[in-house]
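Right, one structure below, let's go through it.
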There are 2 protein chains.
Amino acid sequence: MAEVRNIDTRERILDAAERLFMAHGYEGTSMRQITGDAAVNLAAVNYHFGSKESLMQEVFRRRLDWLNEERMRVLNEMEQAAGDNPLKPSQIVDGFFGTLLRMADDKERGGVTFLRLLGRTLTEPSEFVRTFLADEYAGVMERYKAALFKALPDVPKAEIVWRFHFMLGATSYAIAGTDALRVVTDWQIEASDTVDRTDRLVPRLMSFLLGGLRAPLPQFGSPAEDADVKVA
Amino acid sequence: MAEVRNIDTRERILDAAERLFMAHGYEGTSMRQITGDAAVNLAAVNYHFGSKESLMQEVFRRRLDWLNEERMRVLNEMEQAAGDNPLKPSQIVDGFFGTLLRMADDKERGGVTFLRLLGRTLTEPSEFVRTFLADEYAGVMERYKAALFKALPDVPKAEIVWRFHFMLGATSYAIAGTDALRVVTDWQIEASDTVDRTDRLVPRLMSFLLGGLRAPLPQFGSPAEDADVKVA
DNA sequence: TCGTGATTCATACGTTCGTTTGAATCATAA
DNA sequence: TTATGATTCAAACGAACGTATGAATCACGA
């Protein structure tokens, strides 16, 4: 086979798609915008990826494969070092969310653009992307949930799952953040803060997440339903 | 003027739009879906609202006007009762997020459908809806931020703004929740949990938010992995 | 050098989009 | 009852959408 007239046609499409899906969403981005931004022919997407849906999936797979492998690697390493002892919650949270957030500095892996795309996509339950993400995430989630159960034996498992969910939300906003934040505050605090995003954002968010994860358990009002939830 | 052949044409359109925008997003929802679901003529949206954009804005205004007035009312009431004393953080958080979450039970005000729409829209920075939301929110945000500054005089203001942001994210996910959560966990926990959403979700989320808000301040020097976090 | 398969290109297809139009239908006031 | 203005309706508009096609162009092994 003749190898590639222009190696980075695929990559250029993926980069443009990542950027545009982040900015305007999946439905809000047209093939003509993508191929225009990438400076390739309109038919190139269908030739290289088959369809717009497949392109979207490839945009995610390119980043998530690495991310979830890295999360697995970090967790394995920590558990091996700990032996039979449970990990500290701060370790687990850092392994999952810290690994994600540190992608922001890694331009080679999409940087802040991909993180924002991921954050916004998690709240857009379009069927084909949801089932795709569910598959990509299933294994990692299972392992990290198990680690948290072991680290926090006194906290009901349902409570941990909920708090994991809350942590995901806080993290998504922290990422999608700088833009969405402006919605809600006039935001004149430190204009220089766009620079040191991860330097300061990561410890800030970590404190918040751990504070939430380890908060006192809630008191449920009505006695009828306070038998606590069992996890399957 | 002749009064309305069918009073609820407008309302039926707004209800259908709210539901569909929640499920498929703004770009992902067509006029034909909306008018079809609402069982009105295709031209009715343009006749009553002018355009699709104006319809979207009206969908939000219908709910947010009440919500933000209610938030103001609650805050005024609490501050009056407190005199010169600062409010408790838990009061402020409940006034802002509790008031929002309790809308889930109020079918008269959109219930859980509107909350999910709001949650997902906050991560979709489409220009026309962002500037619109910014205006709707500006006044309330200012008041609640001021209340938090006063309640937490030892916490740097920038830190409070960030944590407010994190709380918004956790809340959005908690709302948009049940669907997005399935992305990330297989989630066979209590199928009955869709029923008592607010009964249990509110105290759960409140504990988490307060734990995060009152977490120890982050250490910026080194990556935050030293002493394990103590809860306030 | 030429032939071959991979890639790019211009162009077009059929659909669906948001919006507009002008006539038909309704409710009310005179 | 009739006139009037508000609302509904069926139909159509041009534009933009994702995708498909077949010819042109390229890189490279023989």
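A, B, ... follow the sequence lines: proteins, then strands. Residue 1 opens every chain. In what follows, every heavy atom counts, from backbone to side chain, and hydrogens, waters and symmetry copies are set aside.
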Selection from D/dA20, C/dT21, D/dT8 that lies nearest to any side-chain heavy atom of B/A43: C/dT21
Worked check of salt bridge (charged side-chain N to carboxylate O under 4.0 Å, His left out) between A/D94 and A/R102: CA-CA 10 Å; A/D94 186 76; A/R102 281 185 286 273; 3.1 Å; yes
Distance in angstrom units between B/F49 CZ and D/dT7 P, rounded: 12 Å
Which residue lies more 5' along DNA chain C, comparing B/Y47 with A/A44 via nearest heavy atoms: A/A44
Partner set under side-chain contact (heavy atoms from CB on, under 4.5 Å) for B/F128, not counting sequence neighbours: B/Y26, B/E53, B/M56, B/Q57, B/S126
Rounded distance (Å) that lies between atom C1' of C/dC17 and atom NE2 of B/H24: 16 Å
Salt bridge flag under 4.0 Å for residues A/R10 and A/D15: no
Between A/N76 and A/R73: side-chain donor-acceptor atoms closer than 3.5 Å: no
Gap between atoms CD and C1', on B/E11 and D/dT7 respectively (whole Å): 17 Å
Short side-chain N/O contact from B/N41 to OP1 or OP2 of D/dA10, under 4.0 Å: yes
Phosphate OP1/OP2 of C/dT8: any A/T9 side-chain N/O under 4.0 Å: yes
Short N-O contact, A/R62 and A/E58, less than 4.0 angstrom: no
Polar atom pairs (N or O), protein with nucleotides 15-18 of chain D, under 3.5 Å:
| unit_1 | atom_1 | unit_2 | atom_2 | d |
| --- | --- | --- | --- | --- |
| D/dC17 | OP1 | A/S30 | OG | 3.3 |
| D/dG18 | OP1 | A/T29 | O | 3.4 |
| D/dG18 | OP1 | A/K52 | NZ | 2.7 |
| D/dG18 | OP2 | A/M31 | N | 2.7 |
| D/dG18 | N7 | A/R32 | NH1 | 2.9 |
| D/dG18 | O6 | A/R32 | NH2 | 2.9 |

A/H48 atom NE2, neighbour heavy-atom count above 12 within 6.0 Å: yes
Phosphate OP1/OP2 of D/dA6: any B/H48 side-chain N/O under 4.0 Å: no
